[in-house]
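Following: one structure in structure tokens, then a few remarks.
Numbers restart at 1 for each chain; the letters A, B, ... are given by sequence-line order, proteins then strands.
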Amino acid sequence: MSTAVDFDDYLKSLGRLTSHVDPTAATPEAERIVEATGRLGGLLDTDITGLAAWVRDNPNDVPVLGLAVGLSQEKLKNALRDRFDTSGWHGLARTQPVELVTWLDAEFDLVRMLRTQMERTYTFADILVARAGTRATATRAGASGRRIEDEIEDIARDLGLDYTTRSRFAGRNGRTAPADLIVGDPNSADIVVAAKGFDSTGSKLTDAVREIEEMAEVRLPTQLVLAVIDGIGWKSRQSDLRRIHQLWATRQIDGMYTLVTLDRFRADVAEFARLRRLI
DNA sequence: GGAGGGAACCACGATCCTGT
DNA sequence: ACAGGATCGTGGTTCCCTCC
């Protein structure tokens, strides 16, 4: 066993793990996009029929159509699962090419997007804007995260409740757990709510479940624990969603809602608050 | 090939810390 | 006491890998 190195020395010895990538370098992925786009340009007419034949013949290149309408590969997968119950575009392109293209057109204006973009002349600035895209998506992610939180906060405010957002509440044995909305004093909370909306998938959904399980574990029997869960991302993480639903089914949490059932959320919160003489 | 899961990414608000 | 930079914690999204 070697002796511990001084922390500052250790800090100084940390190095970069990844190398810088030349953005103009050719990659296999770039090649594929170039070729697929070329084949798109060879279409006699950019319409549903022509595109359906194109995806049938080029099932691997469906993501290029996604890119054309502003869908990243992951966004495309999640949208496909929402509509077709599978994220596998390859199979869809071969077995239901017309349905696939028709849906892309109805939902994302595929035909018009292709026609206008393929004839447009792009500038250097356009390239840089596209490269900066990840920042824009991160900003949107933050906004959509607050969407559900804002909705439930509006309800709490509207009901005239005293509440705290994005904090921790105390339950049994002085233990605490995080919550997105806490009604009452966080040290003796009456109602705690988790708000988890995801349109994409990832281990964050598992984190969200862990958080709700923690709430259920810490809660006092007298505390009302509710979860507002929405977003198509859960369709690709059903085992996680099931765990939350199971908590509800076994009464470890008291309610589970989507945005369209928020009226019930409101009614349930109002009823509990009246019973507790909070309003 | 497709499903599922884990880690990395960028942004933002709240809070901490520091120099004035 | 206070302004403002640094840091922390949390948000959803994207990428990548493994397993069937």
Connected-component partners of A:Val260 among ILVMFWY, side-chain separation under 4.5 Å:
none

Is there a side-chain contact between A:Lys77 and A:Thr201 (heavy atoms, below 4.5 Å)?
no

Would you jot down, in residue-number order, the residues of residues 234-246 of chain A having a non-hydrogen atom under 4.0 Å from DNA chain B?
A:Arg237, A:Ser239

In B/S/- notation, 5' to 3', how is nucleotides 9-16 of chain C contacted by protein heavy atoms closer than 4.0 Å?
--BBBBB-

A:Met256 and A:Ile244, any side-chain heavy atoms less than 4.5 Å apart:
yes

Between A:Leu220 and A:Val225, is there shared hydrophobic-cluster membership here, with clusters defined by ILVMFWY side-chain heavy atoms closer than 4.5 Å?
no

Identify, with sequence neighbours excluded, every residue that meets ring pair (Phe, Tyr, Trp, His ring centres under 6.0 Å) alongside A:Phe198.
A:Trp234

Would a 4.5 Å heavy-atom cut-off, applied to side chains only, mark A:Leu40 and A:Trp54 as touching?
yes

If we check side chain to side chain donor-acceptor pair (under 3.5 Å) with A:Arg32, which of these qualifies: A:Thr37, A:Asp61, A:Asn60?
A:Asp61

Where do N or O atoms of nucleotides 1-3 of chain B meet protein N or O atoms at under 3.5 Å, pair by pair?
| from | atom 1 | to | atom 2 | distance (Å) |
| --- | --- | --- | --- | --- |
| B:dG2 | OP1 | A:Gly91 | N | 2.9 |
| B:dA3 | OP1 | A:Thr86 | OG1 | 3.1 |
| B:dA3 | OP2 | A:Ser87 | N | 3.2 |
| B:dA3 | OP2 | A:Ser87 | OG | 2.6 |

Considering only heavy atoms from C-beta outward, does the side chain of A:Gln246 approach that of A:Gln252 to under 4.5 Å?
no

Are A:Arg115 and A:Asp45 side-chain neighbours, meaning at least one heavy-atom pair lies under 4.5 Å?
yes

Co-members of A:Tyr163 in a cluster of I, L, V, M, F, W and Y side chains, linked at under 4.5 Å:
A:Ile148, A:Ile152, A:Ile155, A:Leu159, A:Leu161, A:Leu181, A:Val183, A:Ile191, A:Val193, A:Leu224, A:Leu226, A:Val228, A:Tyr257, A:Leu259, A:Leu262, A:Phe265, A:Val269, A:Phe272, A:Leu278, A:Ile279

